[in-house]
Number of protein chains: 2
Amino acid sequence: MKSTGLLVDCGAPPTGDSHTDCHKVIMPVRDALDVISGKWKLPIIIAVSRGHNRFRDIERSIPKITSKVLSKELKDLETHKLIRRTVYDTQPVQVEYTLTPYASTLESVIVALQQWGLQHRKKILGK
Amino acid sequence: MKSTGLLVDCGAPPTGDSHTDCHKVIMPVRDALDVISGKWKLPIIIAVSRGHNRFRDIERSIPKITSKVLSKELKDLETHKLIRRTVYDTQPVQVEYTLTPYASTLESVIVALQQWGLQHRKKILGK
DNA sequence: TAAAGCACTTACCTTTTGGAAACTGGTTAC
DNA sequence: GTAACCAGTTTCCAAAAGGTAAGTGCTTTA
């Protein structure tokens with residue numbers, strides 16, 4: 001048995017049944033991936049962080065996104081407390097989307113993914 | 001996620017506009033997500049890292065995975081240079097899957113996702 | 001000689017995800 | 001008064017991901 005030392009050692013012996021221990025890695029990782037994976041979540045987060053705060057403004061700033069998908073993704077991001085939706089009682093009503101302070105906790109995750117992804121592209125497409 | 005063979009094709013051309021730097025974040029992140037997202041990649045990596053090196057051994061160690069999916073995922077992981085497939089010229093042939101040293105570069109990414117996912121679950125499920 | 005193990009592959013479904021286009025019900029600008 | 005803008009929703013479709021079950025060609029075990 002060769003180990004590259006990858007990953008948290010879940011504690012169980014390598015020959016034992018360790019899938020329950022591994023769940024301690026897999027479950028949180030999948031929770032995190034759920035939040036940021038998909039085609040549009042990151043583009044939306046970035047668009048909003050740059051000051052595109054109105055629905056149509058976000059839609060225009062992200063090429064090829066449709067209003068249906070944008071609507072759904074904004075709801076997802078809202079339930080994950082990454083985006084706040086504020087309705088102003090004006091005529092007509094104005095809706096503003098902003099990043100929550102909590103959204104900034106994602107930064108280290110995104111940076112880790114970005115850096116690994118960058119070197120991986122070089123590795124796979126031959127340097 | 002749309003892929004062009006190995007890596008993600010992010011659609012829009014990198015012109016000189018303000019979206020260029022967005023793509024510098026989004027593209028690498030999507031490349032990275034492509035490698036580790038999906039239902040089975042992480043469980044497989046963990047199983048192999050813990051000494052499950054034969055096809056049937058890996059299959060048995062991951063509850064509910066099917067041979068079709070395992071076969072496909074192992075191929076993906078191999079083209080991403082995370083897993084090495086070694087065929088021994090025995091009777092009958094033996095096939096061994098091991099993690100490459102490169103696979104250990106994923107560790108910081110996985111740890112970042114795991115930690116964020118852990119606190120996120122607490123945040124979302126109240127507490 | 002039959003059953004079982006190994007390393008897969010194949011054909012066929014179902015579920016999930018994302019896309020196109022039209023449409024709603026309001027408001028405002030020309 | 002009609003055209004356009006806003007913030008979406010609805011219906012229908014296509015592609016991708018994943019699941020089920022059976023089969024392949026080999027070898028070893030009983």
Side-chain angles (χ1 to χ4, degrees), chain A residues 26 30-31 33-45 47-48 51-80 83-98, chain B residues 1-12 26 30-31 33-45 47-48 51-80 83-98:
Chain A
I26 293 165
R30 290 197 52 176
D31 283 344
L33 288 177
D34 258 11
V35 174
I36 52 169
S37 68
K39 191 167 172 179
W40 300 112
K41 273 164 193 129
L42 223 47
I44 292 168
I45 288 172
V48 174
H52 300 284
N53 300 112
R54 308 279 301 273
F55 190 91
R56 289 287 171 207
D57 188 16
I58 299 166
E59 194 177 358
R60 270 191 300 265
S61 78
I62 301 174
K64 307 216 170 163
I65 200 171
T66 64
S67 38
K68 173 197 162 181
V69 171
L70 178 57
S71 173
K72 187 225 159 211
E73 297 290 59
L74 283 170
K75 277 174 192 159
D76 286 356
L77 292 168
E78 208 192 335
T79 75
H80 283 292
I83 276 185
R84 179 170 29 248
R85 181 178 184 269
T86 313
V87 181
Y88 292 100
D89 193 10
T90 53
Q91 296 295 332
V93 282
Q94 249 180 260
V95 181
E96 195 180 80
Y97 296 93
T98 49
Chain B
M1 190 174 281
K2 176 182 159 194
S3 286
T4 52
L6 281 183
L7 297 171
V8 173
D9 175 18
C10 57
I26 293 164
R30 292 195 49 182
D31 284 343
L33 289 177
D34 217 27
V35 174
I36 53 169
S37 67
K39 191 167 174 178
W40 300 111
K41 273 164 195 130
L42 223 46
I44 292 169
I45 288 172
V48 174
H52 300 285
N53 300 112
R54 306 279 302 273
F55 190 91
R56 286 285 168 209
D57 187 17
I58 299 166
E59 194 177 358
R60 272 191 298 266
S61 78
I62 302 173
K64 308 217 170 163
I65 199 169
T66 64
S67 39
K68 172 197 161 182
V69 170
L70 177 57
S71 173
K72 187 225 157 211
E73 297 288 61
L74 283 170
K75 277 175 193 158
D76 286 356
L77 292 169
E78 207 191 336
T79 73
H80 282 294
I83 274 185
R84 181 171 27 249
R85 181 180 184 268
T86 313
V87 181
Y88 292 102
D89 193 11
T90 52
Q91 295 296 330
V93 281
Q94 247 180 263
V95 180
E96 195 180 81
Y97 295 94
T98 49

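Letters A, B, ... mirror the listed sequences (proteins, then strands); counts begin at 1. Note that these values count all heavy atoms, side chains included, but never hydrogens, waters or copies made by symmetry.
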* Are OP1 or OP2 of D:dT20 and a side-chain N or O of B:T66 less than 4.0 angstrom apart? -> no
* Asked: Can you name the side-chain hydrogen bond (donor to acceptor under 3.5 Å, both in side chains) partners of A:N53, sequence neighbours left out?
  -> none
* Asked: Can you name the side-chain hydrogen bond (donor to acceptor under 3.5 Å, both in side chains) partners of A:E96, sequence neighbours left out?
  -> A:Y88
* Could you say whether A:W40 or B:V93 is positioned toward the 5' end of DNA chain C, judged by the nucleotide with the nearest heavy atom to each? => B:V93
* Side-chain N or O of B:S71 closer than 4.0 Å to phosphate OP1/OP2 of C:dT9 -> yes
* May I ask you to evaluate whether B:K75 reaches the phosphate of C:dT9, defined as a side-chain N or O under 4.0 Å from OP1 or OP2? => yes
* Indicate whether OP1 or OP2 belonging to C:dC8 is found under 4.0 Å from a side-chain N or O atom of B:Y97. => yes
* To do: Scan residues 57-66 of chain B for pairs that pass salt bridge (Lys or Arg N to Asp or Glu O under 4.0 Å), counting only residues two or more places apart or in two chains.
  => B:R56-B:E59
* Asked: Are A:R54 and D:dA7 close enough that a side-chain N or O sits under 4.0 Å from OP1 or OP2?
  -> yes
* **Phosphate-side-chain proximity, A:K68 and C:dA21, N/O vs OP1/OP2 below 4.0 Å** => no
* In degrees rounded to 10°, what angle is found between the helical axes fit to the five outermost pairs at each end of the helix from C:dT1-D:dA30 to C:dC30-D:dG1? -> 10°
* Measure from the side-chain heavy atoms of A:F55 and tell me the nearest of C:dA7, D:dG8, D:dG19. => D:dG8
* Does A:R60 have a side-chain nitrogen or oxygen under 4.0 Å from the phosphate oxygens OP1 or OP2 of D:dC6? -> yes
* Asked: Would you say the base of C:dG19 and the side-chain of A:K64 have a donor-acceptor pair closer than 3.5 Å?
  -> no
Which side-chain N or O atoms in residues 69-78 of chain B pair as donor and acceptor under 3.5 Å with protein atoms at least two apart or in another chain?
unit_1: B:K72; atom_1: NZ; unit_2: B:D76; atom_2: OD2; d: 3.4

* Structure fact -> Taken in chain and number order and not counting sequence neighbours, the residues that satisfy side-chain hydrogen bond (donor to acceptor under 3.5 Å, both in side chains) with A:R84 are none
Could you write out each protein N or O paired with an N or O of nucleotides 22-29 of chain D at a distance under 3.5 Å?
unit_1: D:dT28; atom_1: OP1; unit_2: B:Q91; atom_2: O; d: 2.9

* Residues forming a side-chain contact (heavy atoms from CB on, under 4.5 Å) with A:V35, sequence neighbours excluded -> A:H80, A:L82, B:W116, B:H120
